[in-house]
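What follows is a single structure, written as structure tokens, with notes after it.
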Amino acid sequence: KVSFVEMSSVSNEGYIHSKIDKCLHEVNKGSYTYFAENDLIFAKITPCMENGKCALAKGLTNKIAFGSSEFHVFRCHEEILPAYLFGFLNREKIRNEAVKHMTGSSGHRRVPIDFYEKMIIPLLTIEEQKAIVSKVEKLQNEIIQARIVIDSVSSRKQAILDKYLK
């Protein structure tokens, strides 16, 4: 068994929100993209790329996955942390630049892999990368907690309106 990840299974917030277990022989024959645990997947096709459909692959069945042929896959080596590279690439600034390099016809435009291959990525020490990743994760957790509060306040507001304005 391996994970199967469709484009629709990747959030605009940087994670895989659903995956399906399939037998390897089912997906190995298709034109699917292979990736593994801790790889980065980025949509290459419009409008998914512009919307930020990308993820750091975590929790894959048997640490292997196949997915849309419209993913670019990046694998890190020991000098760069996957979460650091993901944070660097998963920025609006990078997506805006990628749009300028898209090829293909209207509605089927894609970011070519050489856009990423030519990119200069600041290579910090592992300790510096860990510090950045830690700060970003802390801020992401704060954002999640703030959204929970906002959602609860919104539902309480609606309950009050429903109660008094019927």
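Along the sequence shown, the residues carry numbers beginning at 1.
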Quick one: does L85's side chain get under 4.5 Å of Q129's, heavy atoms only? no
Looking only at heavy atoms, what is the nearest atom pair of K19 and G59, with distance? CE-O, 2.9 Å
Test side chain to side chain contact (heavy atoms under 4.5 Å, CB included) applied to F66 and L60, V27, V5, the passing residue: V27
Going only through I, L, V, M, F, W and Y residues with side-chain contacts under 4.5 Å, is there a path from I132 to I143? no
Could you tell me if the side chain of Y34 sits less than 4.5 Å from the side chain of V73, heavy atoms only? no
Kindly compute the distance separating SG (C54) from CD (E13), expressed to the nearest 0.5 Å. 9.5 Å
If you group Ile, Leu, Val, Met, Phe, Trp and Tyr by side-chain heavy-atom gaps below 4.5 Å, do L89 and L124 land in one group? yes
Is a side-chain donor or acceptor of S154 paired with a backbone partner of I150 at a separation under 3.5 angstrom? yes
Nearest 0.5 Å, please: how far is CE in M7 from OG in S69? 8.0 Å
Testing the basics here: between F71 and E6, what is the closest heavy-atom pair and its distance to 0.1 Å? CZ-O, 4.2 Å
List the steps, then state whether salt bridge (Lys or Arg N to Asp or Glu O under 4.0 Å) holds for E127 with K130. CA-CA 5 Å; E127 292 75 26; K130 285 179 181 176; 5.8 Å; no
Are I113 and V111 in one and the same hydrophobic cluster, where Ile, Leu, Val, Met, Phe, Trp and Tyr link if side-chain heavy atoms are under 4.5 Å apart? yes
Scanning both residues in full, the closest heavy-atom pair of K1 with C23 reads NZ-SG, 3.8 Å
If only atom types and distance count, is the side chain of S18 paired as donor or acceptor with the main-chain N or O of S9 below 3.5 Å? no
CD/E50 to CG/N12 distance, rounded to the nearest 0.5 angstrom? 11.0 Å
Relative to each other, are the rings of F86 and F42 parallel, tilted or perpendicular (30° and 60° limits)? tilted
Rounded to the nearest 0.5 Å, what separates atom CD1 in I126 from atom CD in E79? 8.0 Å
Parallel, tilted or perpendicular: which fits the ring planes of H101 and F115, with parallel below 30° and perpendicular above 60°? tilted
Do the side chains of F88 and M119 get nearer than 4.5 Å, heavy atoms only? yes
Are a donor atom and an acceptor atom from the side chains of R95 and N90 found within less than 3.5 Å of each other? yes
Are the side chains of E70 and T33 in contact, using a 4.5 Å heavy-atom criterion? no
Can you find a heavy atom in the side chain of P122 that is under 4.5 Å from one in the side chain of Y84? yes
Scan side-chain atoms only and decide if E137 and N141 contain a donor-acceptor pair under the 3.5 Å cut-off. no
I80 versus I121: any side-chain heavy-atom pair under 4.5 Å? yes
Using only atom types and a distance under 3.5 Å, with no angle test, would you say the side chain of S105 pairs donor to acceptor with the backbone of H108? no
Output, in order, the C-alpha distance, side-chain angles, deciding distance and verdict of salt bridge (Lys or Arg N to Asp or Glu O under 4.0 Å) for K138 and E142. CA-CA 6 Å; K138 182 178 184 248; E142 289 177 16; 3.5 Å; yes
Do S3 and D21 touch side chain to side chain, with heavy atoms closer than 4.5 Å? yes
Report yes if some heavy atom in the side chain of L81 is under 4.5 Å from a heavy atom in the side chain of C76; otherwise report no. no
Can you name the closest pair of heavy atoms from M102 and K44 and give their distance? CE-O, 3.9 Å
How close do C48 and A43 get, heavy atom to heavy atom, and via which atoms? CB-CB, 3.6 Å
Short side-chain to backbone donor-acceptor contact, K53 and V10, under 3.5 Å: yes
Please report the interatomic distance CD1(I94) to CD(E92), rounded to the nearest 0.5 Å. 11.5 Å
Would M49 and V99 satisfy side-chain contact (heavy atoms from CB on, under 4.5 Å), going step by step from the backbone distance to the final call? CA-CA 8 Å; M49 186 282 300; V99 168; 3.5 Å; yes
Whether the side chain of N28 engages the backbone of L24 through a donor-acceptor N/O pair (distance < 3.5 Å, no angle test) should be reported. no
Nearest atoms (heavy-atom pairs only) where N38 meets P82: O-CB, 3.5 Å
Parallel, tilted or perpendicular: which fits the ring planes of H17 and Y15, with parallel below 30° and perpendicular above 60°? perpendicular
As an exercise, state the distance from CG of L40 to OH of Y116, rounded to the nearest 0.5 Å. 10.5 Å
